Amino acid sequence: MSAWKMAGLTDAGRVRKHNEDAIAWDAEQGWAVLADGMGGHHAGEVASAIAVEVIGEQLKGADSVDEAQRLLAAVAQANSVIYLQTIGQPRLHTMGTTVVTVSLHGQTLHCAHVGDSRLYRFRDGKLQQLSRDHSLVQELVDEGMIDAEQARSSEQKNVITRALGLEASVEVEMNEDVTAGGDCYLLCSDGLSDRLRDEEIAALLVDDDPLPTVVQNLINAANERGGEDNISIIVIRVWE
């Protein structure tokens, strides 16, 4: 039996007619993946669906000797499949997708991500972002040109600098974390992180409700703030 529980949900939000996000997870095998598509004319839906399907297939089965390498290879494979789909198909030539995916084995969580979909860890009442946005505003923050508060309200906050499918290859950022009993990990698209502040997310994650209820409460909170974008969430709770 696995040492964690998972639950997830994706929602179109209150403004957009189509949901270009995609999610998948397997608590028994210990992996989860979330993708936020882009490109218009349903192209984003195609890209995110491919990413989730390819990565999920690559992560199924027996444990790898090098789990981080397997995760990296899975994301690289998804990028290649999406990129090849854009060749010769004009309606898909601008499609791409962000992705954040994790794999848990023992007490180690490996993460691979591209774009601005995020991974957070909630531990001892504190929420910490473990991934780093690949976005224009993040670069401006890193260079000291704007602060975090200005970044939240910037008109350029949704301009990403990396995505799957735009080029034949992509730079994938990798990191890992040592898990502890009681930890809660959150994968989310910017439909959540753009609407709620960290302290508001933390207040909902601290709840002892069943994970599906926690996930639904997060979706509801983002929608109550306008729901201007698709909202996708996967929550992983590590057992004590």
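Here the structure is a predicted model, which means the values were calculated and not measured.
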Peer 1: Between Glu67 and Ser103, do the side chains contain an N or O donor and an N or O acceptor separated by less than 3.5 Å?
Peer 2: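 Ser103 and Glu67 do have a side-chain donor-acceptor pair below 3.5 Å.
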Peer 1: Could you check Leu9 against Ile233 for side chain to side chain contact (heavy atoms under 4.5 Å, CB included), going step by step and ending with a plain yes or no?
Peer 2: CA-CA 6 Å; Leu9 191 62; Ile233 297 166; 5.7 Å; no
Peer 1: Considering all heavy atoms of both residues, which atom of Val75 and which atom of Ala112 are nearest to each other, and what is their separation?
Peer 2: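 For Val75 and Ala112, the tightest heavy-atom pair comes out as CG2-CB, 3.9 Å.
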Peer 1: Would you find a donor on one side and an acceptor on the other, under 3.5 Å apart, between the side chain of Thr98 and the backbone of Asp36?
Peer 2: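 Side chain of Thr98 to backbone of Asp36, a donor-acceptor pair under 3.5 Å: yes, one is there.
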Peer 1: Working to the nearest 0.5 angstrom, can you tell me the gap between Phe122 CZ and Leu204 CG?
Peer 2: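 The distance works out to 10.0 Å.
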Peer 1: Would Val46 and Tyr83 show up in the same hydrophobic cluster when neighbours are defined by side-chain heavy atoms closer than 4.5 Å?
Peer 2: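 Cluster IDs for Val46 and Tyr83 differ.
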Peer 1: Any donor and acceptor pair, going by atom type alone, linking the side chain of Glu200 with main-chain N or O of Arg197 inside 3.5 Å?
Peer 2: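 Checked: pair present.
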Peer 1: Would you indicate whether the side-chain heavy atoms of Val235 and Leu187 approach each other to under 4.5 Å?
Peer 2: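 Contact flag for Leu187/Val235 side chains = no.
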Peer 1: Less than 4.5 Å apart, any side-chain heavy atom of Trp31 and any of Ile55?
Peer 2: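 No, too far: nothing below the 4.5 Å cut-off.
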Peer 1: Examine the side chains of Asn223 and Asp11 and answer whether a donor and an acceptor come within less than 3.5 Å of each other.
Peer 2: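 Yes, a side-chain donor-acceptor pair sits under 3.5 Å.
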Peer 1: Enter the distance from Cys188:SG to Leu218:CG here, rounded to the nearest 0.5 Å.
Peer 2: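 That separation rounds to 8.5 Å.
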Peer 1: Run the side-chain contact (heavy atoms from CB on, under 4.5 Å) test against Glu173 and tell me which residues pass, sequence neighbours left out.
Peer 2: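 Testing Glu173 for side-chain contact (heavy atoms from CB on, under 4.5 Å), a comparison that skips the adjacent residues, returns His113, Arg132, His134, Arg162.
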Peer 1: Rounded to the nearest 0.5 Å, how far apart are CD1 of Ile219 and CG of Leu192?
Peer 2: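 CG of Leu192 is found 7.0 Å from CD1 of Ile219.
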Peer 1: Under the ring pair (Phe, Tyr, Trp, His ring centres under 6.0 Å) rule, collect the residues that match up with His93, sequence neighbours excluded.
Peer 2: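 For His93, no residue satisfies ring pair (Phe, Tyr, Trp, His ring centres under 6.0 Å) once neighbours in sequence are set aside.
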Peer 1: Calculate, to the nearest 0.5 Å, the distance between atoms CG and OG belonging to Asn19 and Ser189 respectively.
Peer 2: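 Asn19 atom CG to Ser189 atom OG measures 8.0 Å (nearest 0.5 Å).
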Peer 1: Under a 4.5 Å cut-off applied to non-hydrogen side-chain atoms, are Thr86 and Met95 in contact?
Peer 2: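 Yes, close enough: below the 4.5 Å cut-off.
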Peer 1: For the atom pair CD1 (Ile82) and CG (Leu164), what is the distance rounded to the nearest 0.5 Å?
Peer 2: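 Answer for the CD1-CG pair, Ile82 versus Leu164, is 5.0 Å.
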Peer 1: Ser80 and Ala168: which non-hydrogen atoms are nearest, and at how many Å?
Peer 2: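 Of all heavy-atom pairs spanning Ser80 and Ala168, the closest is OG-O, 4.2 Å.
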Peer 1: With the 4.5 Å side-chain cut-off for hydrophobic clustering, are Val54 and Leu84 part of the same group?
Peer 2: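 No, Val54 and Leu84 fall in different hydrophobic clusters.
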Peer 1: So, the side chain of Asp26 versus the backbone of Glu28: is there a donor-acceptor pair under 3.5 Å, distance only?
Peer 2: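 Yes; judged by distance alone, with no hydrogens or angles, the pair exists.
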Peer 1: Indicate yes or no for a side-chain donor-acceptor contact from Asp183 to the backbone of Ala180 under 3.5 Å, with no hydrogens or angles considered.
Peer 2: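 Present.
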Peer 1: If you count every heavy atom of other residues, nucleotides or ligands that lies below 6.0 Å from Glu171 atom CD, does the total exceed 12?
Peer 2: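 Check fails, neighbour count at 12 or below.
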Peer 1: For the residue pair Leu211 and Ala7, what are the closest heavy atoms and their distance?
Peer 2: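 Minimum heavy-atom contact is CB-CB, 3.6 Å.
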Peer 1: Would you indicate whether the side-chain heavy atoms of Tyr120 and Asp198 approach each other to under 4.5 Å?
Peer 2: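 Answer yes - side chains close enough.
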Peer 1: For the pair Ser48 (side chain) and Glu20 (backbone), establish whether a donor and an acceptor sit closer than 3.5 Å, ignoring hydrogens and angles.
Peer 2: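 Here the side-chain-to-backbone pair exists.
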Peer 1: Are more than 12 heavy atoms from other residues, nucleotides or ligands located less than 6.0 Å from atom CD of Glu53?
Peer 2: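 No - once you tally the heavy atoms of other residues, nucleotides and ligands closer than 6.0 Å, there are 12 at most.
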Peer 1: Before you tell me yes or no, could you show the steps for Arg70 and Asp66 under side chain to side chain contact (heavy atoms under 4.5 Å, CB included), namely the whole-Å CA-CA distance, both residues' side-chain angles and the distance that decides it to 0.1 Å?
Peer 2: CA-CA 6 Å; Arg70 184 168 75 145; Asp66 188 340; over 6 Å; no
Peer 1: Determine whether a donor-acceptor pair (N or O, by modelled atom type, separation under 3.5 Å) exists between the side chain of Asn175 and the backbone of Leu130.
Peer 2: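 Confirmed, Asn175 side chain pairs with Leu130 backbone.
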Peer 1: Flag the pair Met38 / Thr97 as yes when at least one side-chain heavy-atom distance between them is below 4.5 Å, and no otherwise.
Peer 2: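 In short, these two side chains do not touch, never coming nearer than 4.5 Å.
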Peer 1: Apply the test side chain to side chain contact (heavy atoms under 4.5 Å, CB included) to residues Met174 and Leu71: give CA-CA distance (whole Å), side-chain angles for both, the deciding distance (0.1 Å), then the verdict.
Peer 2: CA-CA 9 Å; Met174 303 289 300; Leu71 199 61; 4.2 Å; yes
Peer 1: What residues, two or more places apart in sequence or in another chain, satisfy salt bridge (Lys or Arg N to Asp or Glu O under 4.0 Å) together with Arg16?
Peer 2: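 With sequence neighbours excluded, Arg16 shows a salt bridge (Lys or Arg N to Asp or Glu O under 4.0 Å) to Asp229, given in chain and number order.
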Peer 1: Does any N or O in the side chain of Gln89 come within less than 3.5 Å of the main-chain N or O of Gln85, such that one atom is a donor and the other an acceptor?
Peer 2: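 Answer holds: yes.
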Peer 1: Are any non-hydrogen side-chain atoms of Leu119 and Tyr185 less than 4.5 angstrom apart?
Peer 2: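 Side chain of Leu119 against side chain of Tyr185, heavy atoms only: contact under 4.5 Å found.
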Peer 1: Could you check Asn220 against Gln216 for side-chain hydrogen bond (donor to acceptor under 3.5 Å, both in side chains), going step by step and ending with a plain yes or no?
Peer 2: CA-CA 6 Å; Asn220 293 345; Gln216 186 64 65; 2.9 Å; yes
Peer 1: Does the side chain of His110 pick up a donor-acceptor pair with the side chain of Thr108 at under 3.5 Å?
Peer 2: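 Distance-only check fails for His110 and Thr108.
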Peer 1: Side-chain contact test, heavy atoms from C-beta onward, threshold under 4.5 Å: evaluate it for Asp208 versus Arg237 and give yes or no.
Peer 2: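 Result no, sub-4.5 Å side-chain heavy-atom pair not found.
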Peer 1: Taking the side chain from Ser232 and the backbone from Asp21, do they hold a donor-acceptor pair closer than 3.5 Å?
Peer 2: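 No: the side chain of Ser232 does not pair with the backbone of Asp21.
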Peer 1: Under the side chain to side chain contact (heavy atoms under 4.5 Å, CB included) rule, what do Arg123 and Val238 come out as? Steps first, then yes or no, please.
Peer 2: CA-CA 10 Å; Arg123 174 183 287 171; Val238 181; over 6 Å; no
Peer 1: What is the minimum heavy-atom distance between Ala24 and Val52, and which atoms define it?
Peer 2: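 Smallest interatomic distance, heavy atoms only, reads CB-CG1, 3.4 Å.
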Peer 1: Given side chains that start at C-beta, do those of Arg195 and Glu228 come closer than 4.5 Å, heavy atoms only?
Peer 2: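 A side-chain contact exists here, since the closest heavy-atom pair is under 4.5 Å.
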Peer 1: Is a side-chain N or O of Gln129 found less than 3.5 angstrom from the main chain of Ser131, in a donor-acceptor match?
Peer 2: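 Side chain of Gln129 to backbone of Ser131, a donor-acceptor pair under 3.5 Å: yes, one is there.
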Peer 1: Can you check whether Ala27's main-chain N or O pairs, donor with acceptor, with Trp4's side chain at less than 3.5 Å?
Peer 2: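 At least one qualifying donor-acceptor pair exists.
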Peer 1: What distance do Leu186 atom CG and Gln128 atom CD have between them, rounded to the nearest 0.5 Å?
Peer 2: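 Going from the CG atom of Leu186 to the CD atom of Gln128 covers 13.0 Å.
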